[in-house]
2 protein chains.
Amino acid sequence: MPNLASIAALIGDPSRAAMLQALLPGEALTAGELARIAGIGAAAASAQLKALAEAGLIAVHAQGRHRYHRLAGDEIAAALETLIALPQASPRKASPRKAWPHGEAFRQGRLCWHHLAGRLGVALHERLTRDGWIEAAPGGWALTGHGLARCNALGVDLAAARRAPRFACDCMDWSERRPHLAGGLGREVTGLLLRRRWLTRIEPSSTDTLQRRRLTCTPEGARALRAEFGISL
Amino acid sequence: MPNLASIAALIGDPSRAAMLQALLPGEALTAGELARIAGIGAAAASAQLKALAEAGLIAVHAQGRHRYHRLAGDEIAAALETLIALPQASPRKASPRKAWPHGEAFRQGRLCWHHLAGRLGVALHERLTRDGWIEAAPGGWALTGHGLARCNALGVDLAAARRAPRFACDCMDWSERRPHLAGGLGREVTGLLLRRRWLTRIEPSSTDTLQRRRLTCTPEGARALRAEFGISL
DNA sequence: TCGCCGCTTCAGCCGGTTCCGAAACATGGC
DNA sequence: GCCATGTTTCGGAACCGGCTGAAGCGGCGA
């Protein structure tokens with residue numbers, strides 16, 4: 001019952017919130033990087049990261065003298081996005097559908113955890129279900145025979161996708177209010193789109209966490225998405 | 001940018017979190033009631049409620065010497081539910097699909113803000129879209145001609161529904177991971193189901209916020225839902 | 001009009017939390 | 001083996017935020 005307060009309090013600290021936002025694109029960052037992002041010393045960052053890990057919000061992976069931190073799962077990322085989207089959703093003066101302050105480009109395509117979100121993500125999800133690539137299964141989605149063939153043809157690493165805690169499930173898209181594809185399959189498909197440069201990070205080096213997550217479609221990507229998935233922008 | 005931290009901090013205080021949870025069923029409560037629920041004095045409660053109202057999380061309605069407080073919108077309720085559902089979603093030991101601690105009955109049907117959520121809510125949403133009661137519209141859903149006729153036949157107060165900030169939109173259901181119906185229409189339909197006693201609150205007087213939100217289907221309700229909506233449990 | 005009740009404001013206290021610096025530990029390169 | 005780098009632990013100080021109690025305001029009923 002005290003879950004709500006304890007978890008929200010954990011997210012509510014400015015330093016921890018900055019770290020969590022920095023992890024939203026899905027990359028794993030070291031303790032030092034996170035400390036710099038949050039603007040605090042290494043000692044303080046260490047303590048905060050320990051608290052986040054103990055609460056199960058982030059996962060830690062030690063590699064040599066570095067410790068890589070990443071969000072613990074899709075649900076965490078989705079919950080963070082929901083909270084970030086909240087202020088927009090409280091229309092003090094009954095302003096209907098106020099423009100998202102970070103611009104339409106952010107709405108178009110972005111990384112949520114490490115799968116595709118925004119209009120592109122929702123469109124992809126819709127095509128996969130409607131064209132029979134995936135079908136409902138206990139706890140999420142499973143590939144159909146058709147989907148299996150198409151994924152193999154595209155070069156999606158299905159083995160990696162199956163190693164994820166969940167193979168394929170929905171993740172609510174706050175900007176579109178419809179689900180997009182999450183889980184291992186969502187991650188692998190998104191990775192493929194990025195590797196093929198059908199989608200590109202707009203400002204991967206930006207210090208602004210929101211900007212770092214923005215995705216855009218390349219010209220060849222637009223053609224390929226139409227040919228492979230039937231998505232037209 | 002500091003939205004995440006400020007909002008989460010607001011929810012993160014134990015007293016405020018208790019108040020917000022108490023408001024989740026959608027009822028409006030007075031400052032005194034909320035103070036008692038949170039276990040703090042009237043003075044402290046007043047300050048906290050002021051902060052929540054200024055942040056746009058709750059709406060206040062003065063009536064005589066009472067001040068009624070309620071959640072400011074569907075999005076707020078949905079975000080709170082997402083956070084409450086989080087701990088379940090962090091499988092420390094990779095336990096797949098651990099049972100929701102509050103039991104299956106909570107998953108079956110419940111109030112989210114003041115519309116129907118859980119398996120029943122998702123089933124209703126699916127029938128309404130699939131049977132052509134509602135169709136996609138800018139910012140949410142609109143009634144079709146068919147849906148209009150059916151709602152009028154059932155006695156749904158559409159005028160009240162249209163007075164809501166949004167007529168009909170999706171709200172993500174964390175337990176089912178599919179959308180259920182929110183907005184004014186969602187509220188009015190749910191109100192109708194409760195008035196007709198097709199659904200009933202299981203323990204409306206419980207002090208446990210979660211228990212107060214549980215809904216169950218009466219025998220006649222099961223028959224009616226099948227006849228009117230084609231929903232079979 | 002008076003008194004009751006709900007709520008708000010104000011001052012002051014108290015507790016918790018976060019931060020930094022110093023030191024210790026661990027790792028990897030030379 | 002030694003040093004540089006990354007990270008954690010410890011102690012102490014400062015800050016912030018919430019709570020209580022008393023007083024003030026406004027509505028309601030007698």
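Chain A is the first sequence line, chain B the second, and so forth, proteins listed ahead of strands; every chain is numbered from 1.
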A/Ser15 side chain N/O closer than 4.0 Å to the phosphate oxygens (OP1, OP2) of C/dC19?
-> yes

Return the 5'-most residue of the pair A/Arg16, B/Ala31 with respect to DNA chain C, ranking by each residue's nearest nucleotide.
-> B/Ala31

Within the distance-only criterion (no hydrogens, no angle test), does the side chain of A/Thr218 pair as donor or acceptor with the backbone N or O of A/Trp198 below 3.5 angstrom?
-> yes

A/Arg197 atom CZ, neighbour heavy-atom count above 12 within 6.0 Å = no

Determine the interplanar angle of the A/Trp141 and A/His125 rings, folded into 0 to 90°, and report it as parallel if under 30°, tilted if 30 to 60°, perpendicular if over 60°.
-> perpendicular

Quick one: B/Asp13 CG to D/dG17 P, roughly how many Å, whole number?
-> 11 Å

Pairwise distance CG(A/Leu83) to CG(B/Leu4) - rounded to 0.5 angstrom | 6.0 Å

Rounded to the Å, how far apart are B/Arg36 CZ and C/dC5 P?
-> 13 Å

Check the distance between D/dT8's P and A/His66's NE2 and give it to me in whole angstrom.
-> 12 Å

May I have the step-by-step check of side chain to side chain contact (heavy atoms under 4.5 Å, CB included) for A/Leu215 and A/Leu120, ending in yes or no?
-> CA-CA 9 Å; A/Leu215 293 178; A/Leu120 279 169; 5.5 Å; no

B/Glu27 vs B/Leu29 side-chain heavy atoms within contact, under 4.5 Å = yes

Taking for each residue the nucleotide of DNA chain C bearing the nearest heavy atom, is the 5' side occupied by A/Ala9 or by B/Glu33?
-> B/Glu33

Show which side-chain atoms of residues 32-50 of chain A pair as donor or acceptor with protein atoms under 3.5 Å away, not counting sequence neighbours.
residue, atom, partner, partner atom, Å
A/Glu33, OE1, A/Thr30, N, 2.8
A/Glu33, OE1, A/Thr30, OG1, 3.3
A/Gln48, OE1, A/Arg16, NH1, 2.9

Quick one: does B/Asn3's side chain have a donor or acceptor within less than 3.5 Å of a partner on A/Ile84's backbone?
-> no

DNA chain D contacts among residues 40-50 of chain B, heavy-atom distance under 4.0 Å | B/Ile40, B/Gly41, B/Ala43, B/Ala44, B/Gln48

For atom CD1 of A/Ile11 and atom C1' of C/dT17, their distance in whole Å | 17 Å

Starting at the 5' end of nucleotides 25-30 of chain D, put B wherever the base has a protein heavy atom under 4.0 Å, S where only the sugar-phosphate does, and a dash everywhere else.
-> --BS--

What is the distance, rounded to the nearest whole Å, between atom CZ of A/Arg67 and atom C1' of C/dG28?
-> 17 Å

For atom NE2 of A/His61 and atom P of C/dT27, their distance in whole Å = 14 Å

Is there a side-chain polar atom (N or O) of A/Thr30 under 4.0 Å from OP1 or OP2 of D/dG6?
-> no

How many angstroms lie between atom OG1 of A/Thr190 and atom NE2 of A/His180, to the nearest 0.5 angstrom?
-> 8.5 Å

